[in-house]
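Written out below as structure tokens is the structure these notes cover.
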Amino acid sequence: MLAHLTGFVIAFLGWIPPLAIYFARRERSPFVRHHAAEAANFQITMLIPYVFAGVVFFGLGIFFPSLSWIGYLLIALVWIACIVLGVLGASGANKGIWYRYPVSIRLLK
């Protein structure tokens, strides 16, 4: 559960805690390994929209300052998606379900 919930708390660096849990506990439990890998994969995948939203935010802030709110809105939407999907993953882990994120690049298995 902790691997899913720490991802959105740290936002852009949310992939670090699940990855640490993955490497620390991967040999002890296949269930923990699965959930830590899923959370890390999802948070690494979410770096793509975070970077895009950050580029939009700074690009619009430099060239069109009055439109920089669009980038801020994109960052907020990505963060909200991380919260919602992270809570669903944590809830699945708490119930003993082998949860998989719907949008994730599978880097760790």
Side-chain angles (χ1 to χ4, degrees):
M1 250 177 72
L2 189 62
H4 293 287
L5 294 177
T6 57
F8 64 82
V9 173
I10 307 175
F12 191 78
L13 297 175
W15 54 273
I16 295 173
L19 197 60
I21 293 169
Y22 175 80
F23 284 120
R25 301 286 180 171
R26 68 181 172 180
E27 300 298 326
R28 293 186 185 175
S29 168
F31 187 74
V32 172
R33 178 186 180 128
H34 168 78
H35 279 281
E38 283 295 315
N41 286 335
F42 176 69
Q43 291 301 326
I44 291 170
T45 302
M46 293 310 289
L47 282 176
I48 297 167
Y50 269 128
V51 168
F52 174 75
V55 168
V56 169
F57 178 71
F58 286 115
L60 288 176
I62 291 171
F63 297 110
F64 303 102
S66 62
L67 295 177
S68 65
W69 63 271
I70 295 171
Y72 180 74
L73 180 65
L74 289 174
I75 292 171
L77 289 175
V78 172
W79 189 58
I80 290 171
C82 286
I83 291 172
V84 170
L85 292 173
V87 168
L88 288 175
S91 174
N94 189 36
K95 293 176 184 175
I97 299 170
W98 294 75
Y99 181 79
R100 290 191 70 144
Y101 285 95
V103 179
S104 182
I105 299 170
R106 308 278 187 246
L107 300 172
L108 298 173
K109 297 187 185 214

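Computed from a predicted structure; not experimentally measured. In this chain, numbering begins with 1 at the start of the sequence shown.
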> When you measure from the side chain of Asn41 to the backbone N and O of Ala37, does any donor-acceptor pair fall under 3.5 Å?
Replying inline: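 Such a contact is found between Asn41 side chain and Ala37 backbone.
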message: Quick check against the 3.5 Å criterion: does His35 have a side-chain atom that pairs as donor or acceptor with the backbone of Ile97?
response: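 Judged by distance alone, yes, a pair lies under 3.5 Å.
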Check for me, please, whether [X] and [Y] land in the same ILVMFWY cluster - side-chain distances under 4.5 Å, paths through other members count.
X     : Y     : answer
Phe52 : Phe64 : yes
Ile70 : Tyr50 : no
Leu73 : Phe58 : no
Phe31 : Phe23 : no
Phe42 : Trp98 : no

TODO: Report yes if some heavy atom in the side chain of Leu85 is under 4.5 Å from a heavy atom in the side chain of Pro102; otherwise report no.
DONE: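 When only atoms from C-beta onward are counted, Pro102 and Leu85 do touch, with a gap below 4.5 Å.
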Close side-chain approach of Val56 to Ile75, heavy-atom, < 4.5 Å:
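Counting from C-beta outward, Val56 and Ile75 never come under 4.5 Å.
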Using a cut-off of 6.0 Å, state whether more than 12 heavy atoms not belonging to Trp69 lie near its atom CH2.
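For Trp69, atom CH2 is not crowded (no more than 12 foreign heavy atoms under 6.0 Å).
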- request: Kindly determine whether Cys82 and Gln43 satisfy side-chain contact (heavy atoms from CB on, under 4.5 Å), including the steps that lead there.
  value: CA-CA 8 Å; Cys82 286; Gln43 291 301 326; 4.3 Å; yes
Approximate separation, where rounding is to 0.5 Å, of Arg106 CZ and Thr45 OG1 =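 The OG1 atom of Thr45 is 8.0 Å from CZ of Arg106, to the nearest 0.5 Å.
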Quiz prompt | Separation between CD1 of Ile21 and OG1 of Thr6, rounded to the nearest 0.5 Å | solution =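 Between atom CD1 of Ile21 and atom OG1 of Thr6 there are 5.0 Å.
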Leu5 to Gly86 - nearest heavy-atom pair and separation
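Looking at all heavy atoms of both residues, the closest pair is CD2-O, 4.2 Å.
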Using every non-hydrogen atom in the two residues, find where Pro18 and Ala40 come nearest and quote the distance to one decimal.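 In terms of heavy atoms, the two residues are closest at CB-N, 3.5 Å.
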### Message
Between Tyr99 and Tyr101 (judged by ring centroids, cut-off 6.0 Å), do the two rings come close enough to count as a pair?
### Response
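Aromatic pair counts; centres sit under 6.0 Å.
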